[in-house]
Amino acid sequence: MIRVVLTDDHAIIRDGINSLLRDEPGLEVVGEAANGQQLLDFLETTPADVILLDLNMPIMDGFTTIGHLRRLYPQIKVLVLSMLDHERYVAQALETGALGYALKNTGRAELIYAITTVATGQAFLCTAIGMALLRRLQSPETSVNETPKTSSLSKRELEVLKLIAEGMTNAEIADKLFTSKRTIETHRQNIIEKTQAKNTAALIKFAVSNGMLSE
């Protein structure tokens with residue numbers, strides 16, 4: 001049974017999600033919170049597997065909450081459920097430690113799939129976010145300079161770039177490569193400088209155009 005906690009400052013949103021999940025086998029909503037502080041207080045006495053987390057909340061917002069959850073409850077998976085669809089919010093949430101990101105207009109079936117996916121430790125982006133990123137990748141604004149080649153990157157930088165393109169956070173990459181988060185942040189900055197990429201979408205496009213995700 002996947003234990004879910006709903007965290008949103010709007011009671012009507014929590015009620016709606018509760019109704020959607022109430023009869024779903026394998027899922028149980030074990031609690032609700034109106035902000036990050038209430039969530040942290042709740043988790044002191046009640047275990048959970050997945051947190052459905054809004055980003056815009058009073059007292060303690062979603063980004064700050066994710067940081068506390070990563071430190072205090074690293075075993076709990078965070079699925080952001082927000083109206084914010086801009087790439088920088090998605091990237092910031094994932095970098096901070098969220099494992100998934102879905103929009104509040106996501107359908108019931110996709111939301112259930114998202115919860116079950118992150119519960120197993122796998123990353124998730126809803127279809128709308130994925131399509132938006134794809135459109136940005138196809139946009140001239142996210143193009144990278146055509147002259148830099150992967151040969152300008154070290155073997156470790158190539159490894160890091162491939163993992164970035166697969167959606168892993170700096171912390172997850174550090175764990176996978178058995179190094180520190182600070183080292184990965186340095187590699188990431190070096191990759192950005194060498195590829196002349198302006199953002200994460202451009203880095204992913206660089207990786208895709210060089211066949212780094214085809215394996």
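Quantities reported herein were computed from a predicted structural model and do not represent experimental measurements. Position 1 is the first residue of the sequence, and the numbers go up from there.
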Q. Going from CD on Glu185 to CD1 on Ile173, what distance comes out if it is rounded to the nearest 0.5 angstrom?
A. 10.5 Å
(Q) Restricting to non-hydrogen atoms, name the atom on Asn35 and the atom on Pro58 that form the minimum distance, rounded to 0.1 Å. (A) CB-O, 3.2 Å
Q.
Same cluster or not: Leu84 versus Ile66, using hydrophobic residues (I, L, V, M, F, W, Y) connected whenever any side-chain heavy atoms lie under 4.5 Å apart?
A. yes
Q. Can you tell me how far the CD1 atom of Ile51 sits from the OG1 atom of Thr65, to the nearest 0.5 Å?
A. 10.0 Å
(Q) Which heavy atom of Arg70 sits nearest to which heavy atom of Ala171, and what is that distance? (A) NH2-CB, 3.4 Å
**Q.** Donor-acceptor pair, side chain of Thr195 and main chain of Ile191, under 3.5 angstrom
**A.** yes
Q) Any side-chain heavy-atom pair from Leu99 and Phe124 closer than 4.5 angstrom? A) no
Q: Determine whether Met60 and His68 make a side-chain contact, defined as any pair of heavy atoms from C-beta on separated by less than 4.5 Å.
A: yes
Q.
Any non-hydrogen side-chain atom of Leu55 less than 4.5 Å from a side-chain atom of Asp61?
A. no
Q: Inspect the contact between Lys162 and Glu159 and indicate whether a charged nitrogen and a carboxylate oxygen are less than 4.0 angstrom apart.
A: no
Q: Evaluate the side chain to side chain contact (heavy atoms under 4.5 Å, CB included) criterion for residues Ile2 and Ile115: first the C-alpha distance (whole Å), next the side-chain angles of each, then the deciding distance (0.1 Å), finally the verdict.
A: CA-CA 8 Å; Ile2 300 173; Ile115 295 171; 4.2 Å; yes
**Q.** Heavy-atom side-chain proximity of Thr96 to Thr64 below 4.5 angstrom
**A.** no
Q.
With a 4.5 Å cut-off on side-chain heavy atoms, are Leu153 and Asn190 touching?
A. no
Q) Would Leu81 and Ile12 show up in the same hydrophobic cluster when neighbours are defined by side-chain heavy atoms closer than 4.5 Å? A) yes
Q: Quick one: pull up OH in Tyr89 and OG in Ser82 and give me the separation to the nearest 0.5 Å.
A: 9.0 Å
Q) Got a salt bridge between Arg3 and Asp49, using NZ or NE/NH1/NH2 to carboxylate O under 4.0 Å? A) yes
**Q.** Nearest-0.5 Å distance, CD of residue Gln75 to CG of residue Leu69
**A.** 9.5 Å
Q. Is any NZ, NE, NH1 or NH2 atom of the basic residue among Arg188 and Glu95 found under 4.0 Å from an Asp or Glu carboxylate oxygen of the other?
A. yes
Q. Closest approach of Val50 and Ala119, non-hydrogen atoms and distance?
A. CG2-CB, 3.8 Å
Q: Mind running side chain to side chain contact (heavy atoms under 4.5 Å, CB included) on Val5 and Leu52 for me, showing each step along the way?
A: CA-CA 6 Å; Val5 179; Leu52 255 64; over 6 Å; no
Q: Of all the heavy-atom pairs spanning Val80 and Ala98, show the shortest one and how long it is.
A: CG2-CB, 3.8 Å
(Q) Side-chain heavy atoms nearer than 4.5 Å, only ILVMFWY residues, links allowed to pass through others: does that put Leu103 and Ile112 together? (A) no
(Q) As a quick check of understanding, evaluate side chain to side chain contact (heavy atoms under 4.5 Å, CB included) for Leu163 and Glu172, giving each step before the final call. (A) CA-CA 9 Å; Leu163 295 175; Glu172 290 169 336; over 6 Å; no
**Q.** Flag side-chain contact, heavy atom, 4.5 Å: Glu193 against Gln189
**A.** yes
Q) Rounded to the nearest 0.5 Å, what separation is found between the CG atom of Asp85 and the CG atom of Asn105? A) 8.5 Å
Q.
Test of understanding: clusters of I, L, V, M, F, W, Y form through side-chain heavy atoms closer than 4.5 Å, transitively. Do Leu53 and Ile13 belong to the same one?
A. no
Q.
I'd like to know if the side chain of Thr116 and the backbone of Tyr113 have a donor-acceptor N/O pair within less than 3.5 Å.
A. yes
(Q) Assess, by modelled atom type and distance only, whether the side chains of Thr186 and Thr183 contain a donor and an acceptor separated by less than 3.5 Å. (A) no
Q.
Quick one, Thr7 and Glu32 - any side-chain contact, counting heavy atoms below 4.5 Å?
A. no
Q: Look at the side-chain heavy atoms of Ile, Leu, Val, Met, Phe, Trp and Tyr, link any pair under 4.5 Å apart, and say whether Tyr101 and Phe63 land in one connected group.
A: yes
Q: Write down the atom of Pro74, the atom of Arg71, and the distance for their closest heavy-atom approach.
A: CD-O, 4.1 Å
Q. Between Gln122 and Val118, is there a donor-acceptor pair closer than 3.5 Å when you use the side chain of the first and the backbone of the second?
A. no
Q.
Using every non-hydrogen atom in the two residues, find where Gly100 and Leu79 come nearest and quote the distance to one decimal.
A. C-CD1, 3.5 Å
Q: Check the side chains of Glu110 and Thr127 for a donor-acceptor pair under 3.5 angstrom, ignoring hydrogens and angles.
A: yes
Q. Taking side chain as C-beta onward, heavy atoms only, is Val4 less than 4.5 Å from Val30?
A. no
(Q) Under the criterion side chain to side chain contact (heavy atoms under 4.5 Å, CB included), I'd like the reasoning laid out for Asp8 against Lys104: C-alpha separation, chi angles, the key distance, then a yes or no. (A) CA-CA 11 Å; Asp8 194 296; Lys104 288 185 176 178; 2.7 Å; yes
Q | Reported CG-to-CG distance for the pair Asn170 and Asp175, which is rounded to 0.5 angstrom | A | 11.0 Å
